[in-house]
S.K.: 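Attaching a single structure in structure tokens format; questions to follow.
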Amino acid sequence: MISVIVPVYNVENYVRECIESIIGQTYSDIEVLLIDDGSTDESGHICDAYARKDRRVHVIHKENGGNTSARKEGIRQCHGDYITFVDADDWVEANMLEQMLELGADADIMVFAAYEEYGSFRKVKGSSVAEGIYSGDKLSGLYENMMMNGAFYVHGIPTNLWGKLFKKNVICDVQLRVSDRITYGEDAACVYPSILHASSVYVLNLPLYHYRIRRDSIVHGSHIEIENFLYLYQDLKRYFDLHSQQKMLNRQLRYFMWQALLLKEYAEIDSQMTLFPFPKVREGMKVAVYGAGLFGQMVMQYCLDSPAVSVSGWFDREYAMYNMQGISVDDPEAALGADFDVMVIAILNTTIAGQVRDWYVHLDMEAERIDCVSLDVLERSGLPFGMERG
């Protein structure tokens with residue numbers, strides 16, 4: 001049996017589609033645990049209605065404690081041999097569970113891809129490691145790339161708990177040990193230690209899950225406390241320090257934390273900003289920004305708020321999609337006529353950032369006026385907030 005755990009909090013507009021996609025699975029030996037995490041809208045009542053109609057659906061109502069707390073409650077209540085997670089504002093392919101079991105080679109963890117959905121825009125999000133089964137000696141190769149596969153910042157295995165099927169004995173203890181104080185990065189705090197605990201991992205970039213990008217979760221989002229990152233770092237480091245490949249794992253962890261901090265605490269990092277970690281930017285410069293993803297939004301907001309620099313424009317290849325989201329970003333070719341001292345490529349994936357830089361250079365923009373995130377700067381800079389002390 002497969003236990004499908006769904007944390008539910010104030011998603012009345014989406015939860016019906018989510019539940020329908022689960023109870024309509026071609027694989028029927030399932031239990032569906034809907035964890036109503038103190039919803040204040042109609043979400044809890046909607047869940048109860050499905051439980052009355054389908055004996056496989058069970059609803060647990062609890063006080064609001066966050067995603068990690070809800071998942072822990074699901075773990076405690078579940079009875080399946082396998083566990084998978086679905087976010088309540090997402091939905092899944094009708095054959096997701098059947099495909100996972102049929103194709104997953106009886107692995108301890110099965111990793112599949114997802115569609116990222118925003119209106120009519122869709123793209124596939126998957127793993128960047130080679131597809132196939134990892135067991136025995138091959139697991140060491142997976143560990144080397146699971147958090148960062150070559151370029152900064154490319155996850156070998158995506159951080160998200162959804163899109164994965166776990167054998168119960170692999171994940172339960174790990175999930176129950178994740179700190180409830182982690183509200184950002186809580187998936188990673190479970191996924192990567194679970195991989196270290198597994199004897200086999202199967203990876204296939206077949207999209208079976210639909211991840212909904214919501215407007216209210218795109219720009220900025222809720223404030224993340226500094227303590228969140230301290231607990232996240234400590235939770236992961238505790239597992240990594242016990243592993244035979246701890247040096248390699250902790251190096252990945254350091255880069256992973258930089259990624260999380262740049263995405264969520266950019267303005268608080270400091271590290272002798274004017275515009276860390278872009279080494280070409282100096283105080284008083286006119287800065288153009290390329291990139292309207294989360295990091296680009298953080299960089300743009302910093303530029304608007306900081307008296308140290310002025311903004312000369314904001315550009316992205318997917319400007320039409322971002323305009324639909326209410327983000328005022330321009331066609332990247334418009335940057336060729338903009339007045340700026342330095343264009344910062346606000347993309348953490350250094351491979352993609354390099355491709356954008358080369359494209360502009362091909363269009364006769366001077367390379368000296370283009371800057372990307374510098375890994376040398378990150379290497380020289382200690383993680384902030386006393387994270388690495390002790």
Side-chain angles (χ1 to χ4, degrees), residues 14 17-18 21 84-96 99-100 103 110-131 145-165 185 187-188 191 203-221 259-260 262-264 289-300 314-333 345-359 372-373:
Y14 310 105
E17 183 177 17
C18 175
S21 74
T84 192
F85 298 87
V86 178
D87 286 354
D89 50 356
D90 298 336
W91 72 101
V92 299
E93 291 286 303
N95 64 345
M96 180 186 78
Q99 290 283 277
M100 283 181 165
L103 300 174
M110 305 165 204
V111 182
F112 292 79
Y115 293 109
E116 289 188 339
E117 309 268 1
Y118 184 83
S120 60
F121 292 89
R122 169 189 280 186
K123 64 181 180 180
V124 175
K125 176 182 181 181
S127 303
S128 68
V129 296
E131 294 179 304
N145 298 290
M146 67 176 185
M147 297 183 78
M148 180 175 158
N149 188 17
F152 182 86
Y153 202 85
V154 179
H155 300 291
I157 301 294
T159 61
N160 43 273
L161 268 172
W162 48 257
K164 298 175 178 67
L165 185 65
D187 285 25
V191 166
V203 178
L204 181 64
N205 280 327
L206 175 68
L208 298 171
Y209 188 100
H210 295 263
Y211 171 68
R212 189 192 309 269
I213 301 174
R214 290 163 51 188
R215 174 72 185 110
D216 56 359
S217 65
I218 292 169
V219 183
H220 304 307
Q259 180 219 16
L262 290 168
L263 286 175
K264 282 295 184 178
V289 177
Y290 181 98
L294 183 54
F295 182 49
Q297 294 170 36
M298 297 297 104
V299 170
M300 187 63 177
W314 194 10
F315 311 94
D316 194 288
R317 181 184 64 181
E318 297 182 346
Y319 67 96
M321 180 188 73
Y322 287 114
N323 288 168
M324 285 179 57
Q325 298 171 8
I327 300 173
S328 298
V329 60
D330 294 326
D331 184 326
E333 292 195 18
I345 310 298
I347 298 174
L348 291 182
N349 184 322
T350 50
T351 299
I352 295 176
Q355 291 169 352
V356 173
R357 178 195 60 218
D358 294 345
W359 180 75
C372 299
V373 169

S.K.: Does W91 offer a backbone N or O that forms a donor-acceptor pair with the side chain of H210 under 3.5 Å?
M.R.: no
S.K.: Would you please name every residue forming a ring pair (Phe, Tyr, Trp, His ring centres under 6.0 Å) with W314, sequence neighbours left out?
M.R.: none
S.K.: Among Y14, Y115, Y209, which one satisfies side chain to side chain donor-acceptor pair (under 3.5 Å) with D90?
M.R.: Y209
S.K.: Tell me, with the steps shown, if L208 and N95 meet side chain to side chain contact (heavy atoms under 4.5 Å, CB included).
M.R.: CA-CA 8 Å; L208 298 171; N95 64 345; 4.1 Å; yes
S.K.: Nearest heavy-atom pair of I347 and A353: which atoms, and what distance?
M.R.: O-CB, 3.9 Å
S.K.: Partners of Y319 by ring pair (Phe, Tyr, Trp, His ring centres under 6.0 Å), sequence neighbours excluded?
M.R.: none
S.K.: Run E333 and W359 through side chain to side chain contact (heavy atoms under 4.5 Å, CB included) and show every step you take.
M.R.: CA-CA 10 Å; E333 292 195 18; W359 180 75; 3.7 Å; yes
S.K.: Roughly how far, to the nearest 0.5 Å, is CE of M324 from OH of Y322?
M.R.: 12.5 Å
S.K.: Using 0.5 Å steps for rounding, measure from the CG atom of L161 to the CZ atom of F85.
M.R.: 5.5 Å
S.K.: Nearest 0.5 angstrom please: F295 CZ to L262 CG, how far?
M.R.: 5.0 Å
S.K.: Please check this pair: side chain of T351 against backbone of A151, looking for a donor-acceptor N/O pair closer than 3.5 Å.
M.R.: no
S.K.: Sequence neighbours left out, what passes side chain to side chain donor-acceptor pair (under 3.5 Å) with Y290? Give chain and number order.
M.R.: none
S.K.: Measure the spacing between SG of C18 and CZ of R212 and express it to the nearest 0.5 Å.
M.R.: 9.0 Å
S.K.: What pairs with F315 under ring pair (Phe, Tyr, Trp, His ring centres under 6.0 Å), at least two apart in sequence or on another chain?
M.R.: none
S.K.: State whether the side chain of N145 and the backbone N or O of V129 hold a donor-acceptor pair below 3.5 Å, judged by distance alone.
M.R.: no
S.K.: Could you please spell out the steps behind the side chain to side chain contact (heavy atoms under 4.5 Å, CB included) verdict for I327 and Q297?
M.R.: CA-CA 9 Å; I327 300 173; Q297 294 170 36; 3.6 Å; yes
S.K.: If you take all heavy atoms of M110 and M100, which pair is closest and at what distance?
M.R.: SD-O, 3.1 Å
S.K.: Report yes if some heavy atom in the side chain of S127 is under 4.5 Å from a heavy atom in the side chain of F112; otherwise report no.
M.R.: no
S.K.: As an exercise, state the distance from CD of E93 to CG of L206, rounded to the nearest 0.5 Å.
M.R.: 8.5 Å
S.K.: Hey, is the main chain of A292 close enough, under 3.5 Å, to the side chain of D316 for a donor-acceptor pair?
M.R.: yes
S.K.: Take L348 and V373, measure what side chain to side chain contact (heavy atoms under 4.5 Å, CB included) needs, and give me the verdict at the end.
M.R.: CA-CA 7 Å; L348 291 182; V373 169; 4.1 Å; yes
S.K.: Who passes salt bridge (Lys or Arg N to Asp or Glu O under 4.0 Å) against E117, sequence neighbours left out?
M.R.: R122
S.K.: Counting N and O atoms only, with roles assigned by atom type, does the side chain of N205 sit under 3.5 Å from a partner on the main chain of A113, one being a donor and the other an acceptor?
M.R.: no
S.K.: From C372 SG over to N349 CG, what is the distance, rounded to the nearest 0.5 angstrom?
M.R.: 11.0 Å
S.K.: Hydrogens and angles aside, do D187 and T159 bring a side-chain donor and acceptor to less than 3.5 Å of each other?
M.R.: no
S.K.: Can you check whether K164's main-chain N or O pairs, donor with acceptor, with T84's side chain at less than 3.5 Å?
M.R.: yes
S.K.: Taking all non-hydrogen atoms of both residues, which atom of S128 and which atom of V154 are closest, and how far apart?
M.R.: OG-CG1, 3.4 Å
S.K.: Identify, with sequence neighbours excluded, every residue that meets salt bridge (Lys or Arg N to Asp or Glu O under 4.0 Å) alongside D89.
M.R.: R214
